[in-house]
J.: 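Dropping the structure in here first, questions after.
Chain identifiers are assigned alphabetically (A, B, ...) following the order of the sequence lines, protein sequences preceding nucleic acid strands; residue numbering begins at 1 within each chain.
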Protein chains: 2
Amino acid sequence: MTAAAPVPREDGRGGRIRQQQEGAILQAAEQVFARAGFQGATMAEIALRAGLPKSNLHYYFGTKAEVYRAVLGHILRLWLAETDSITPDADPREALGHYIAAKMRLSAERPDASRVFANELLHGAPEIGDYLRGELRALVADKAQVIEGWIAEGRMAPVDPVHLFISLWALTQTYADFETQVCAVLGRTALGPDDYRRATAHVQALVLRGCGL
Amino acid sequence: MTAAAPVPREDGRGGRIRQQQEGAILQAAEQVFARAGFQGATMAEIALRAGLPKSNLHYYFGTKAEVYRAVLGHILRLWLAETDSITPDADPREALGHYIAAKMRLSAERPDASRVFANELLHGAPEIGDYLRGELRALVADKAQVIEGWIAEGRMAPVDPVHLFISLWALTQTYADFETQVCAVLGRTALGPDDYRRATAHVQALVLRGCGL
DNA sequence: TAAAAAATTGACCATATGGTCAGGTTTTTC
DNA sequence: GAAAAACCTGACCATATGGTCAATTTTTTA
């Protein structure tokens, strides 16, 4: 039979072998897309890194766009999380501090994921635009209300909550996305745990003080 | 004679026609590179946007990499400027406020330039790494000393000056580089002058308060 | 253990794209 | 106003790369 329909794909589905191969492919693809962008990435290199021939890669993912979408899907799940600490009766100082630490950890531990995401945004988010205008916007609107509440109660300085989120993302992701530049001005060749500790402390101090906390 | 050596290229050199054509090419290239990245950009599209046949484009710039380097060169000049306001005897509040406003203006007026730069960084700065580790690092080290001075004199809160610069770049460029995401959460289809006014005020307030100013 | 399903693979193809080139035209120079 | 330099261009080529396919092997199922 010629190549069967690559039906399942949705996590948890598919045979044991499919599970493992798709995992390896996605991991390899994240690296390649992070380093080269969508156009620059080649199926050949993804296959090579995943340790299988190109035609086998095409057995699991029909097109490059499909691989890309799958990688983005994974990444979005990481992105969405971590706002749990921001609730009406949480301590603003602690909640924001936690959020910053969590985002910073993501930059440190999954820089490639962050870069693929950044690249997608940089090019106008052709693939995830709907998600941004839907789920993400709703989430931000929700959390913005919480912050407005804190401000109304006089628990922190008046800050535009949506712009605050934009700032938090920018401040934390810059360490992954633009690591080269950060390393250059810090005089490092790579960012180590110590650099990340310092960076986290800096961002927390700047933002918390900036919010009057 | 076959294609003559494209000798000059350094601004100000070359005949009248060359001046104008190279200008048109660079402008077109900035747009194309911003939208598609280096690999995604095609010489055909750059030529189309610049209003000349592809072979003529190759008369001025031998290779795509050459066009890219020229575009980056232009952009770096924009990037370097604007730190003038940061001097030992300036008012910290005013100096940083000015710098933020200037960087914000750059994001608003030259978003494509910012994006090309961001894309280059995102992919490890293969072309401008030396510049970052040389000129930029030196500049930042210099300005960091100024800020250290302000701190020592008790004129602002103690903040790691190098990380502060990283933060300032992140906070301001995010509005150009990730405009799609910003628009999504703000519920806009594009950022207008009003949005930029608000964003500038927000970043200034956050940072100045964050620096105890 | 046999049939069916899933997985694997090398050979192959179509297309897109960066770049070349020879010959022509315009502009500048003296 | 003629020689030289600069500029322009359509046709062409080599290569890289996404994707296909038919044949084969491995795994699962009953």
J.: If you find the nucleotide of DNA chain D closest to A:Ile17 and the one closest to B:Gln21, which residue's nucleotide is nearer the 5' end?
T.: B:Gln21
J.: Are B:Lys143 and B:Phe165 in a cation-pi contact, defined as NZ or CZ under 6.0 Å from the six-membered ring centre and within 45° of the axis?
T.: no
J.: Under 4.0 Å from OP1 or OP2 of C:dA7: is there any side-chain N or O of A:Tyr59 that close?
T.: yes
J.: CD of B:Gln20 versus C1' of C:dT26: gap in Å, rounded?
T.: 15 Å
J.: In whole angstrom, give the distance that lies between atom CE of B:Met43 and atom P of D:dC13.
T.: 21 Å
J.: Give the rounded distance in Å between these two atoms: CG of A:Leu52 and P of C:dA6.
T.: 19 Å
J.: With A:Arg137, which residues qualify under salt bridge (Lys or Arg N to Asp or Glu O under 4.0 Å), at least two apart?
T.: none
J.: Whole angstroms only, please: what is the CZ-C1' distance between B:Phe38 and C:dG18?
T.: 10 Å
J.: Can you check whether A:Asn56 has a side-chain N or O nearer than 4.0 Å to OP1 or OP2 of C:dA7?
T.: no
J.: side-chain contact (heavy atoms from CB on, under 4.5 Å) with A:Asn56: which residues, sequence neighbours excluded?
T.: A:Gln21, A:Leu52, A:Pro53, A:Tyr59, A:Tyr60
J.: To the nearest angstrom, how far is B:His58 atom NE2 from C:dT17 atom P?
T.: 13 Å
J.: State whether A:Arg18 places a side-chain N or O below 4.0 Å from either non-bridging phosphate oxygen (OP1 or OP2) of C:dA7.
T.: yes
J.: Within this structure, what is the OH-to-C1' distance between B:Tyr68 and C:dG19, rounded to whole angstrom?
T.: 20 Å
J.: Select base, sugar-phosphate, or nothing to describe what B:Ala41 touches, counting heavy atoms under 4.0 Å on all strands.
T.: sugar-phosphate
J.: Within the structure, does a side-chain N or O atom of A:Gln39 lie under 4.0 Å from either OP1 or OP2 of D:dG18?
T.: no
J.: With no hydrogens and no angle check, is any side-chain donor or acceptor of B:Asp195 less than 3.5 Å from a backbone partner on B:Gly192?
T.: yes
J.: When you check the phosphate oxygens OP1 and OP2 of C:dA6, does a side-chain N or O of A:Arg16 lie under 4.0 Å from one of them?
T.: no
J.: So B:His163 and A:His202, would you call those rings parallel, tilted or perpendicular, with 30° and 60° as cut-offs?
T.: tilted
J.: With distance as the sole criterion, do the side chain of A:Ser55 and the base of C:dG10 form a donor-acceptor contact below 3.5 Å?
T.: yes
J.: Would you kindly give the NZ-to-C1' distance between B:Lys54 and C:dT17, to the nearest whole Å?
T.: 6 Å
J.: Whole Å only: how far is the CD1 atom of B:Ile25 from the C1' atom of C:dG18?
T.: 15 Å
J.: Let's test your reading of the model: under 3.5 Å, does the base of C:dG19 pair with the side chain of B:Lys64 as donor and acceptor?
T.: no
